[in-house]
Amino acid sequence: DAGVTQSPTHLIKTRGQQVTLRCSPISGHKSVSWYQQVLGQGPQFIFQYYEKEERGRGNFPDRFSARQFPNYSSELNVNALLLGDSALYLCASSLEGATEAFFGQGTRLTVV
Amino acid sequence: AQSVTQLGSHVSVSEGALVLLRCNYSSSVPPYLFWYVQYPNQGLQLLLKYTTGATLVKGINGFEAEFKKSETSFHLTKPSAHMSDAAEYFCAVSEKVEYGNKLVFGAGTILRVKS
């Protein structure tokens with residue numbers, strides 16, 4: 001079975017631009033979470049979605065938004081990019097009610 | 001809010017030596033605890049988890065961890081390090097959010113294995 005897949009793997013954006021990151025969960029997993037991992041730090045929680053509904057939101061500005069589709073895939077959008085948004089963005093999927101999360105390989109975003 | 005502290009941002013061991021990576025957590029409720037490993041330019045892979053029951057948890061690749069409530073610790077060990085164990089290791093605790101849950105991670109420990 002395929003694991004969590006994310007696209008693209010790398011991208012470079014300019015300050016002020018907008019970016020969309022994509023995630024496909026493991027088959028059968030209906031919950032998707034997004035994390036930001038800045039170099040040298042542990043991942044920080046951004047969002048959790050389940051059945052297209054937002055289940056939780058971390059301490060991130062409104063420039064960050066996400067949505068989940070009927071097939072349980074998800075997109076993370078970041079507007080008005082700042083240099084500080086440069087990070088590895090990780091998507092994780094899980095079964096409903098499970099605390100165990102399975103991560104994708106991440107999208108490395110560089111803002112210049 | 002729950003938190004995780006990993007003592008030692010870098011740990012260096014010789015091949016064949018004991019690996020000990022330290023993790024302490026703070027939680028107001030019985031915790032669910034995890035160890036993840038991250039290889040360069042990759043995502044996180046689950047090594048092991050503690051939910052309830054036996055306090056000594058065995059994971060993949062010969063790793064194990066012991067939950068000690070009295071010490072609020074969940075240290076990761078491996079009896080004999082292998083070169084392939086060189087990676088960054090993250091301890092995490094599960095925390096409730098509005099209608100779901102999230103993982104709260106420590107800052108990570110980079111393990112170096114010397115030949």
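The sequence lines fix the lettering, A, B, ..., with proteins before strands; numbering per chain opens at 1.
In this structure, chain B has no heavy atom under 4.5 Å from any part of A:Tyr49. For A:Glu53, no part lies near chain B; criterion is any non-hydrogen pair under 4.5 Å. In this structure, chain A has a heavy atom under 4.5 Å from the side chain of B:Lys49, while its backbone stays farther away.
Of the listed residues (A:Gln37, A:Glu54, A:Gln6, A:His10), the one with the most heavy-atom contacts under 4.5 Å to chain B is A:Gln37. Considering only heavy-atom pairs separated by less than 4.5 Å from chain B, the leading option among A:Ser94, A:Ser31, A:Gly106, A:Ala101 is A:Ala101. Of all the listed residues (B:Val97, B:Val104, B:Leu103, B:Ile110), the one sharing the greatest number of non-hydrogen pairs under 4.5 Å with chain A is B:Leu103.
Using a 4.5 Å heavy-atom threshold, the side chains of B:Glu98 and A:Gln48 count as separate. In this structure, A:Leu88 and B:Gln38 have side chains that are in contact, with non-hydrogen atoms separated by less than 4.5 Å. Taking 4.5 Å as the limit, some side-chain heavy atom of A:Phe103 sits within range of a side-chain heavy atom of B:Tyr36. Residues B:Leu44 and A:Pro43 have side chains in contact (heavy-atom distance under 4.5 Å, counting atoms from C-beta outward). In this structure, A:Gln105 and B:Tyr39 have side chains that are not in contact, with every pair of non-hydrogen atoms separated by 4.5 Å or more.
In the hydrophobic clustering of ILVMFWY residues, with side-chain heavy atoms under 4.5 Å counting as a link, B:Val37 and B:Phe105 come out apart. By the criterion of side-chain heavy atoms lying less than 4.5 angstrom apart, applied directly or through intervening Ile, Leu, Val, Met, Phe, Trp or Tyr residues, B:Phe74 is grouped together with B:Phe63 in one hydrophobic cluster. Under a hydrophobic-cluster definition in which Ile, Leu, Val, Met, Phe, Trp and Tyr are linked whenever side-chain heavy atoms come within less than 4.5 Å, directly or via other members, B:Leu46 and B:Phe67 are assigned to different clusters. Note on B:Phe90: it does not cluster hydrophobically with B:Val93, by side-chain heavy-atom contacts below 4.5 Å among ILVMFWY residues.
Within 6.0 Å of the CZ atom in B:Arg22, the count of heavy atoms belonging to other residues, nucleotides or ligands does not exceed 12. Remark: B:Ile60 CD1 is packed, more than 12 non-hydrogen atoms of other residues, nucleotides or ligands lying under 6.0 Å away. Heavy atoms from other residues, nucleotides or ligands lying under 6.0 Å from CG of B:Asn41 number 12 at most. Within a 6.0 Å sphere centred on CG of A:Asn71, heavy atoms belonging to other residues, nucleotides or ligands number more than 12. A:Arg15 CZ: 12 or fewer foreign heavy atoms inside a 6.0 Å radius.
In this structure, the side chain of B:Tyr32 does not engage the main chain of A:Glu100 through any donor-acceptor pair within 3.5 Å.
Between B:Tyr99 and A:Tyr50, a ring centre-to-centre spacing not shorter than 6.0 Å is recorded.
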